[in-house]
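Heads up, the thing below is written out as C-alpha coordinates.
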Amino acid sequence: MVKVCVLGAFGGIGQPLSLLLKINPFINELSLYDIADCHGIGTDLSHINTKSITRGFDKNGIREALKGSDIVVIPAGMARKEGMTRDDLFKVNAGIMKTLCLHIGQVCSNNVKVLIISNPVNCLVPVAIETFKKLGKLRLENVIGITMLDVIRAETFLRQHLCELGDRENDPLEHEIISVVGGHSGTTIIPLIMDKRIIKFLGVERYHDLIRRIQFGGDEVIKAKKSSGSATLSMAYAADEFISSMISSMVVVVKDAERIEYRRRQKYRYLPGYVYLPSVKGGLALKRRLRQVAHLDVDYFAVPLKFKNGSISHIDLNVLNNLSQEEIELLRIAIGPLQANIKKGEKFVRNTAKM
(Lines give C-alpha, C1' and ligand atoms only; values in the text may rest on other atoms or scores of the structure.)
Protein backbone atom coordinates (compact mmCIF):
# COMPACT_ATOMS: atom_id res chain seq x y z
CA MET A 1 0.00 0.00 0.00
CA VAL A 2 1.07 3.55 -0.72
CA LYS A 3 1.25 6.92 1.07
CA VAL A 4 0.59 9.96 -1.13
CA CYS A 5 1.17 13.55 -0.05
CA VAL A 6 -0.44 16.44 -1.95
CA LEU A 7 1.37 19.78 -1.57
CA GLY A 8 -1.16 22.45 -2.50
CA ALA A 9 -4.27 20.46 -1.59
CA PHE A 10 -6.41 23.55 -0.87
CA GLY A 11 -6.29 24.87 -4.46
CA GLY A 12 -8.44 24.46 -7.55
CA ILE A 13 -6.51 21.38 -8.69
CA GLY A 14 -5.59 20.13 -5.22
CA GLN A 15 -9.12 19.62 -3.94
CA PRO A 16 -10.61 17.57 -6.81
CA LEU A 17 -7.34 15.65 -7.13
CA SER A 18 -7.43 14.81 -3.41
CA LEU A 19 -10.97 13.50 -3.83
CA LEU A 20 -9.93 11.27 -6.74
CA LEU A 21 -6.91 9.98 -4.81
CA LYS A 22 -9.09 9.28 -1.76
CA ILE A 23 -11.10 6.73 -3.76
CA ASN A 24 -8.02 4.96 -5.14
CA PRO A 25 -8.03 1.45 -3.60
CA PHE A 26 -4.22 1.23 -3.55
CA ILE A 27 -3.60 4.35 -1.45
CA ASN A 28 -3.71 3.59 2.27
CA GLU A 29 -2.64 7.03 3.52
CA LEU A 30 -3.41 10.42 2.00
CA SER A 31 -1.69 13.50 3.41
CA LEU A 32 -2.95 16.97 2.43
CA TYR A 33 -0.87 20.13 2.90
CA ASP A 34 -1.24 23.79 1.97
CA ILE A 35 -0.32 27.16 3.45
CA ALA A 36 -4.08 27.45 3.99
CA ASP A 37 -5.29 25.09 6.71
CA CYS A 38 -6.21 21.73 5.17
CA HIS A 39 -7.65 20.20 8.36
CA GLY A 40 -11.17 20.82 7.08
CA ILE A 41 -10.52 19.21 3.69
CA GLY A 42 -8.83 16.26 5.40
CA THR A 43 -11.77 15.79 7.78
CA ASP A 44 -14.29 16.11 4.95
CA LEU A 45 -12.54 13.46 2.84
CA SER A 46 -11.98 11.19 5.86
CA HIS A 47 -15.75 10.62 6.04
CA ILE A 48 -15.64 8.78 2.69
CA ASN A 49 -15.69 5.02 3.32
CA THR A 50 -12.57 4.01 1.42
CA LYS A 51 -9.37 2.40 2.69
CA SER A 52 -7.10 5.41 3.03
CA ILE A 53 -6.48 7.31 6.24
CA THR A 54 -6.73 11.01 5.31
CA ARG A 55 -5.24 13.92 7.26
CA GLY A 56 -4.95 17.63 6.55
CA PHE A 57 -2.12 19.92 7.65
CA ASP A 58 -1.57 23.67 7.85
CA LYS A 59 1.51 25.75 6.95
CA ASN A 60 3.38 24.52 10.04
CA GLY A 61 2.80 20.84 9.35
CA ILE A 62 4.66 20.22 6.08
CA ARG A 63 7.33 17.97 7.58
CA GLU A 64 4.73 15.79 9.29
CA ALA A 65 2.68 15.69 6.09
CA LEU A 66 5.69 14.52 4.06
CA LYS A 67 6.97 11.92 6.53
CA GLY A 68 6.94 8.41 5.05
CA SER A 69 5.51 9.47 1.68
CA ASP A 70 6.03 7.21 -1.32
CA ILE A 71 4.65 9.82 -3.75
CA VAL A 72 4.58 13.60 -3.42
CA VAL A 73 2.30 15.46 -5.84
CA ILE A 74 2.78 19.22 -6.25
CA PRO A 75 -0.09 21.32 -7.63
CA ALA A 76 0.92 24.23 -5.34
CA GLY A 77 1.33 27.70 -6.75
CA MET A 78 -0.51 30.55 -8.44
CA ALA A 79 -2.95 29.60 -11.20
CA ARG A 80 -2.65 31.20 -14.64
CA LYS A 81 -5.18 33.91 -15.54
CA GLU A 82 -6.21 35.34 -18.90
CA GLY A 83 -3.41 37.38 -20.46
CA MET A 84 -0.83 35.77 -18.17
CA THR A 85 1.85 33.61 -19.78
CA ARG A 86 3.52 30.70 -18.04
CA ASP A 87 6.62 32.89 -17.83
CA ASP A 88 4.62 35.38 -15.74
CA LEU A 89 3.89 32.61 -13.29
CA PHE A 90 7.54 31.75 -12.93
CA LYS A 91 8.52 34.52 -10.51
CA VAL A 92 6.03 33.33 -7.90
CA ASN A 93 5.94 29.59 -8.50
CA ALA A 94 9.70 28.99 -8.78
CA GLY A 95 10.20 30.21 -5.22
CA ILE A 96 7.38 28.00 -3.98
CA MET A 97 8.80 24.97 -5.83
CA LYS A 98 12.30 25.47 -4.43
CA THR A 99 11.00 25.75 -0.86
CA LEU A 100 8.85 22.63 -1.18
CA CYS A 101 11.72 20.63 -2.69
CA LEU A 102 14.00 21.64 0.18
CA HIS A 103 11.47 20.15 2.62
CA ILE A 104 11.09 17.01 0.49
CA GLY A 105 14.86 16.54 0.36
CA GLN A 106 15.16 16.90 4.13
CA VAL A 107 12.24 14.66 5.11
CA CYS A 108 11.60 12.03 2.43
CA SER A 109 13.58 8.99 1.33
CA ASN A 110 15.82 9.16 -1.75
CA ASN A 111 13.35 6.94 -3.59
CA VAL A 112 10.29 9.19 -3.18
CA LYS A 113 8.47 10.00 -6.43
CA VAL A 114 7.98 13.76 -6.96
CA LEU A 115 5.24 14.56 -9.48
CA ILE A 116 4.99 18.20 -10.54
CA ILE A 117 1.75 19.77 -11.78
CA SER A 118 2.52 23.42 -10.98
CA ASN A 119 3.09 25.69 -13.97
CA PRO A 120 5.21 26.53 -15.82
CA VAL A 121 6.21 22.84 -15.83
CA ASN A 122 8.94 23.46 -18.45
CA CYS A 123 10.74 25.70 -15.92
CA LEU A 124 9.72 24.21 -12.59
CA VAL A 125 10.95 20.66 -13.19
CA PRO A 126 14.48 22.07 -13.76
CA VAL A 127 14.04 24.11 -10.54
CA ALA A 128 13.25 20.89 -8.66
CA ILE A 129 16.10 18.93 -10.28
CA GLU A 130 18.68 21.65 -9.56
CA THR A 131 17.45 21.94 -5.96
CA PHE A 132 17.80 18.20 -5.39
CA LYS A 133 21.24 18.25 -7.04
CA LYS A 134 22.40 20.89 -4.57
CA LEU A 135 21.06 18.84 -1.69
CA GLY A 136 22.71 15.69 -3.03
CA LYS A 137 19.40 13.96 -2.47
CA LEU A 138 16.84 11.95 -4.42
CA ARG A 139 17.02 9.78 -7.51
CA LEU A 140 16.53 12.37 -10.23
CA GLU A 141 14.65 9.98 -12.53
CA ASN A 142 11.83 10.08 -9.95
CA VAL A 143 11.13 13.78 -10.57
CA ILE A 144 8.46 14.01 -13.28
CA GLY A 145 6.35 16.82 -14.69
CA ILE A 146 2.83 15.53 -15.36
CA THR A 147 1.93 16.33 -18.99
CA MET A 148 -0.95 13.85 -19.11
CA LEU A 149 -3.51 16.56 -19.83
CA ASP A 150 -1.89 17.27 -23.20
CA VAL A 151 -2.42 13.66 -24.26
CA ILE A 152 -5.99 13.59 -22.92
CA ARG A 153 -6.80 16.78 -24.82
CA ALA A 154 -5.16 15.39 -27.94
CA GLU A 155 -7.25 12.23 -27.77
CA THR A 156 -10.44 14.18 -27.09
CA PHE A 157 -9.98 16.75 -29.84
CA LEU A 158 -8.84 14.21 -32.45
CA ARG A 159 -11.84 12.03 -31.65
CA GLN A 160 -14.15 15.00 -32.28
CA HIS A 161 -12.59 15.60 -35.71
CA LEU A 162 -12.73 11.93 -36.69
CA CYS A 163 -16.37 11.63 -35.59
CA GLU A 164 -17.28 14.71 -37.63
CA LEU A 165 -15.63 13.08 -40.66
CA GLY A 166 -17.45 9.77 -40.08
CA ASP A 167 -14.38 7.72 -39.05
CA ARG A 168 -15.59 5.31 -36.34
CA GLU A 169 -12.66 2.89 -36.53
CA ASN A 170 -9.72 5.06 -35.46
CA ASP A 171 -10.84 5.92 -31.93
CA PRO A 172 -7.97 7.71 -30.10
CA LEU A 173 -9.50 6.76 -26.75
CA GLU A 174 -9.28 3.06 -27.62
CA HIS A 175 -6.04 2.99 -29.63
CA GLU A 176 -2.74 4.77 -29.10
CA ILE A 177 -2.81 6.72 -32.35
CA ILE A 178 -1.76 10.12 -30.99
CA SER A 179 0.99 11.06 -28.57
CA VAL A 180 2.37 14.36 -27.26
CA VAL A 181 6.04 15.13 -26.65
CA GLY A 182 8.20 18.19 -26.01
CA GLY A 183 7.11 20.54 -23.27
CA HIS A 184 3.92 21.64 -21.55
CA SER A 185 3.17 25.12 -22.90
CA GLY A 186 2.14 26.59 -26.24
CA THR A 187 4.35 25.66 -29.17
CA THR A 188 6.57 23.42 -27.01
CA ILE A 189 3.62 20.97 -26.99
CA ILE A 190 4.22 18.67 -29.98
CA PRO A 191 1.35 16.33 -30.94
CA LEU A 192 2.44 13.29 -32.97
CA ILE A 193 -0.06 11.18 -34.90
CA MET A 194 1.24 7.63 -35.14
CA ASP A 195 -0.76 6.63 -38.24
CA LYS A 196 0.25 9.24 -40.83
CA ARG A 197 -2.74 8.36 -43.01
CA ILE A 198 -4.89 10.16 -40.43
CA ILE A 199 -3.03 13.43 -41.15
CA LYS A 200 -4.03 13.17 -44.81
CA PHE A 201 -7.54 12.10 -43.85
CA LEU A 202 -7.98 15.21 -41.68
CA GLY A 203 -6.80 17.57 -44.39
CA VAL A 204 -4.49 20.54 -43.97
CA GLU A 205 -6.95 22.93 -42.31
CA ARG A 206 -8.36 20.43 -39.80
CA TYR A 207 -4.87 19.15 -38.96
CA HIS A 208 -3.56 22.64 -38.18
CA ASP A 209 -6.70 23.45 -36.20
CA LEU A 210 -6.16 20.27 -34.17
CA ILE A 211 -2.51 21.12 -33.42
CA ARG A 212 -3.35 24.68 -32.36
CA ARG A 213 -6.19 23.54 -30.11
CA ILE A 214 -4.01 20.96 -28.35
CA GLN A 215 -1.21 23.49 -27.86
CA PHE A 216 -3.46 26.25 -26.54
CA GLY A 217 -6.22 24.23 -24.87
CA GLY A 218 -5.44 25.87 -21.54
CA ASP A 219 -6.26 29.30 -22.97
CA GLU A 220 -9.61 27.95 -24.16
CA VAL A 221 -10.54 27.01 -20.59
CA ILE A 222 -9.38 30.33 -19.10
CA LYS A 223 -11.43 32.24 -21.66
CA ALA A 224 -14.51 30.09 -21.05
CA LYS A 225 -14.19 30.66 -17.30
CA LYS A 226 -13.91 34.42 -17.96
CA SER A 227 -10.53 34.57 -16.22
CA SER A 228 -12.02 33.24 -12.97
CA GLY A 229 -9.92 30.08 -13.17
CA SER A 230 -7.83 27.77 -15.31
CA ALA A 231 -7.97 24.07 -16.22
CA THR A 232 -8.45 22.63 -12.74
CA LEU A 233 -10.92 19.77 -13.08
CA SER A 234 -9.46 18.33 -16.28
CA MET A 235 -5.95 18.69 -14.82
CA ALA A 236 -7.01 16.89 -11.64
CA TYR A 237 -8.47 14.07 -13.76
CA ALA A 238 -5.29 13.85 -15.87
CA ALA A 239 -3.06 13.79 -12.79
CA ASP A 240 -5.16 11.04 -11.22
CA GLU A 241 -4.92 8.97 -14.41
CA PHE A 242 -1.13 9.30 -14.30
CA ILE A 243 -0.79 8.62 -10.57
CA SER A 244 -3.21 5.69 -10.59
CA SER A 245 -1.44 4.00 -13.50
CA MET A 246 1.93 4.54 -11.85
CA ILE A 247 0.70 3.13 -8.54
CA SER A 248 -0.71 0.10 -10.37
CA SER A 249 2.85 -0.81 -11.32
CA MET A 250 3.84 -0.74 -7.63
CA VAL A 251 1.16 -2.88 -6.02
CA VAL A 252 0.95 -6.62 -5.50
CA VAL A 253 -2.48 -7.72 -6.75
CA VAL A 254 -3.98 -10.54 -4.69
CA LYS A 255 -7.78 -10.33 -4.82
CA ASP A 256 -10.12 -10.78 -7.77
CA ALA A 257 -11.65 -7.33 -7.21
CA GLU A 258 -8.20 -5.80 -7.14
CA ARG A 259 -7.25 -7.63 -10.34
CA ILE A 260 -10.22 -6.03 -12.06
CA GLU A 261 -9.25 -2.60 -10.72
CA TYR A 262 -5.63 -3.19 -11.69
CA ARG A 263 -6.57 -3.99 -15.29
CA ARG A 264 -8.81 -0.92 -15.48
CA ARG A 265 -5.90 1.27 -14.40
CA GLN A 266 -3.73 -0.08 -17.21
CA LYS A 267 -5.50 2.08 -19.80
CA TYR A 268 -2.18 3.56 -20.98
CA ARG A 269 0.84 1.41 -21.80
CA TYR A 270 2.99 4.53 -21.66
CA LEU A 271 2.46 7.59 -19.49
CA PRO A 272 3.56 11.01 -20.77
CA GLY A 273 5.96 12.85 -18.47
CA TYR A 274 8.46 15.72 -18.63
CA VAL A 275 11.77 14.35 -17.33
CA TYR A 276 15.48 15.06 -16.92
CA LEU A 277 16.79 12.94 -19.80
CA PRO A 278 20.33 12.24 -18.47
CA SER A 279 18.76 10.45 -15.47
CA VAL A 280 16.36 8.19 -17.38
CA LYS A 281 17.13 4.93 -19.14
CA GLY A 282 17.10 5.70 -22.86
CA GLY A 283 17.25 9.44 -22.23
CA LEU A 284 20.67 9.96 -23.83
CA ALA A 285 19.58 7.97 -26.89
CA LEU A 286 16.54 10.23 -27.15
CA LYS A 287 18.79 13.30 -26.95
CA ARG A 288 20.83 11.96 -29.89
CA ARG A 289 17.64 11.28 -31.84
CA LEU A 290 16.39 14.83 -31.24
CA ARG A 291 19.68 16.27 -32.47
CA GLN A 292 19.46 14.16 -35.63
CA VAL A 293 15.82 14.96 -36.41
CA ALA A 294 15.46 18.60 -35.41
CA HIS A 295 18.88 19.84 -34.20
CA LEU A 296 17.22 20.05 -30.79
CA ASP A 297 19.65 19.76 -27.86
CA VAL A 298 17.85 19.72 -24.50
CA ASP A 299 18.18 17.90 -21.20
CA TYR A 300 14.43 17.99 -20.46
CA PHE A 301 11.70 16.60 -22.65
CA ALA A 302 8.18 15.19 -22.34
CA VAL A 303 8.12 11.65 -23.67
CA PRO A 304 6.06 8.45 -23.18
CA LEU A 305 7.32 6.59 -20.10
CA LYS A 306 6.99 2.94 -19.13
CA PHE A 307 6.77 2.17 -15.39
CA LYS A 308 7.77 -0.94 -13.47
CA ASN A 309 7.57 -1.22 -9.68
CA GLY A 310 6.61 2.44 -9.51
CA SER A 311 9.71 3.71 -11.32
CA ILE A 312 10.51 4.52 -14.94
CA SER A 313 11.86 1.39 -16.60
CA HIS A 314 12.39 2.96 -20.04
CA ILE A 315 11.09 5.55 -22.46
CA ASP A 316 9.40 4.98 -25.81
CA LEU A 317 12.09 5.86 -28.34
CA ASN A 318 9.83 4.70 -31.18
CA VAL A 319 7.62 7.75 -30.76
CA LEU A 320 10.09 9.77 -32.87
CA ASN A 321 10.17 7.25 -35.73
CA ASN A 322 8.47 7.98 -39.04
CA LEU A 323 7.81 11.66 -38.33
CA SER A 324 5.93 13.64 -40.95
CA GLN A 325 7.43 16.84 -42.33
CA GLU A 326 4.82 18.81 -40.38
CA GLU A 327 5.85 17.10 -37.13
CA ILE A 328 9.55 17.73 -37.76
CA GLU A 329 8.68 21.41 -38.23
CA LEU A 330 6.78 21.39 -34.93
CA LEU A 331 9.91 20.05 -33.22
CA ARG A 332 12.05 22.79 -34.75
CA ILE A 333 9.60 25.51 -33.71
CA ALA A 334 9.74 24.20 -30.12
CA ILE A 335 13.54 24.52 -29.86
CA GLY A 336 13.81 28.16 -28.83
CA PRO A 337 11.00 28.35 -26.25
CA LEU A 338 11.89 25.00 -24.65
CA GLN A 339 15.60 25.81 -24.29
CA ALA A 340 14.75 29.23 -22.83
CA ASN A 341 12.34 27.69 -20.31
CA ILE A 342 14.90 25.13 -19.16
CA LYS A 343 17.66 27.72 -18.75
CA LYS A 344 15.32 29.96 -16.74
CA GLY A 345 14.61 27.17 -14.26
CA GLU A 346 18.25 26.12 -13.93
CA LYS A 347 19.46 29.71 -13.56
CA PHE A 348 16.94 30.42 -10.79
CA VAL A 349 18.48 27.79 -8.50
CA ARG A 350 22.12 28.14 -9.57
CA ASN A 351 22.09 31.89 -8.91
CA THR A 352 20.49 31.70 -5.48
CA ALA A 353 22.35 31.46 -2.21
CA LYS A 354 23.99 28.19 -1.21
CA MET A 355 21.54 25.80 0.42
Side-chain angles (χ1 to χ4, degrees), residues 1-79 92-93 95-109 111-119 121 124 128 138 142-146 148-149 229-248 250-251 265 310:
M1 302 303 285
V2 178
K3 175 177 179 179
V4 177
C5 177
V6 181
L7 301 182
F10 197 86
I13 296 171
Q15 290 198 45
L17 175 58
S18 298
L19 172 61
L20 292 169
L21 294 174
K22 169 62 178 169
I23 62 177
N24 186 303
F26 300 134
I27 295 174
N28 68 320
E29 189 172 351
L30 182 60
S31 186
L32 310 176
Y33 165 83
D34 210 312
I35 55 171
D37 193 342
C38 280
H39 283 103
I41 294 172
T43 300
D44 191 359
L45 290 178
S46 73
H47 290 187
I48 297 173
N49 61 341
T50 56
K51 293 180 181 179
S52 60
I53 297 169
T54 306
R55 297 173 63 196
F57 298 85
D58 62 18
K59 61 183 178 180
N60 298 314
I62 186 169
R63 297 177 73 86
E64 184 63 25
L66 285 168
K67 191 181 298 180
S69 295
D70 301 292
I71 299 171
V72 178
V73 191
I74 309 180
M78 179 187 289
V92 175
N93 289 353
I96 294 171
M97 182 61 61
K98 179 183 170 185
T99 299
L100 294 177
C101 288
L102 286 171
H103 285 294
I104 293 168
Q106 292 163 2
V107 175
C108 297
S109 74
N111 198 41
V112 67
K113 281 54 176 188
V114 179
L115 307 180
I116 295 172
I117 297 171
S118 308
N119 276 315
V121 166
L124 295 186
L138 223 68
N142 289 335
V143 181
I144 305 168
I146 295 182
M148 190 81 191
L149 182 54
S230 58
T232 53
L233 300 176
S234 54
M235 184 64 242
Y237 170 80
D240 178 66
E241 279 289 308
F242 186 100
I243 295 163
S244 297
S245 293
M246 190 181 78
I247 289 175
S248 293
M250 300 168 66
V251 298
R265 292 293 184 182

Drop me the distance from [X]'s [atom1] to [Y]'s [atom2], to the nearest 0.5 angstrom.
| X | Y | atom1 | atom2 | answer |
| --- | --- | --- | --- | --- |
| L20 | Q15 | CG | CD | 12.0 Å |
| I23 | S52 | CD1 | OG | 10.0 Å |
| I41 | K22 | CD1 | NZ | 14.0 Å |
| I13 | I117 | CD1 | CD1 | 6.0 Å |
| I146 | L17 | CD1 | CG | 7.5 Å |
| D70 | S109 | CG | OG | 7.5 Å |

Could you tell me whether the side chain of [Y] reaches within less than 4.5 Å of the side chain of [X], counting heavy atoms only?
| X | Y | value |
| --- | --- | --- |
| L115 | M246 | yes |
| N28 | I53 | no |
| I104 | I74 | yes |
| T54 | I48 | no |
| I116 | V143 | yes |

Review point. Is a side-chain N or O of S31 found less than 3.5 angstrom from the main chain of A65, in a donor-acceptor match?
Key: yes
Point to revise | Side-chain (S118) to main-chain (A76) donor-acceptor, under 3.5 angstrom | key: yes
Check your understanding: How far apart are the C-alpha atoms of L21 and D240, what are their side-chain angles, what is the distance that settles it, and do they pass the side-chain contact (heavy atoms from CB on, under 4.5 Å) test?
Key -> CA-CA 7 Å; L21 294 174; D240 178 66; 3.8 Å; yes
Review point. What residue pairs, at least two apart or across chains, pass side-chain hydrogen bond (donor to acceptor under 3.5 Å, both in side chains) with a residue in residues 39-48?
Key: D37-H39
Of the non-hydrogen atoms in [X] and [Y], which two are nearest, and what is the gap between them?
| X | Y | value |
| --- | --- | --- |
| C101 | A128 | SG-CB, 3.6 Å |
| S18 | L30 | O-CD2, 3.5 Å |
| D58 | Y33 | O-CE1, 3.1 Å |
| F26 | S248 | CE1-OG, 4.3 Å |
| L32 | A9 | CB-CB, 3.7 Å |
| V121 | G145 | CG1-CA, 4.0 Å |

Practice item. Mind running side-chain contact (heavy atoms from CB on, under 4.5 Å) on V112 and L138 for me, showing each step along the way? Key: CA-CA 7 Å; V112 67; L138 223 68; 3.2 Å; yes
Check your understanding: side-chain contact (heavy atoms from CB on, under 4.5 Å) between L66 and L7: does it pass, once the steps are laid out?
Key -> CA-CA 9 Å; L66 285 168; L7 301 182; 4.2 Å; yes
Check your understanding: Going by the salt bridge (Lys or Arg N to Asp or Glu O under 4.0 Å) test, which pairs reach into residues 1-13, not counting sequence neighbours?
Key -> K3-E29
Check your understanding: For N93 and N119, does a side-chain donor sit closer than 3.5 Å to a side-chain acceptor?
Key -> no
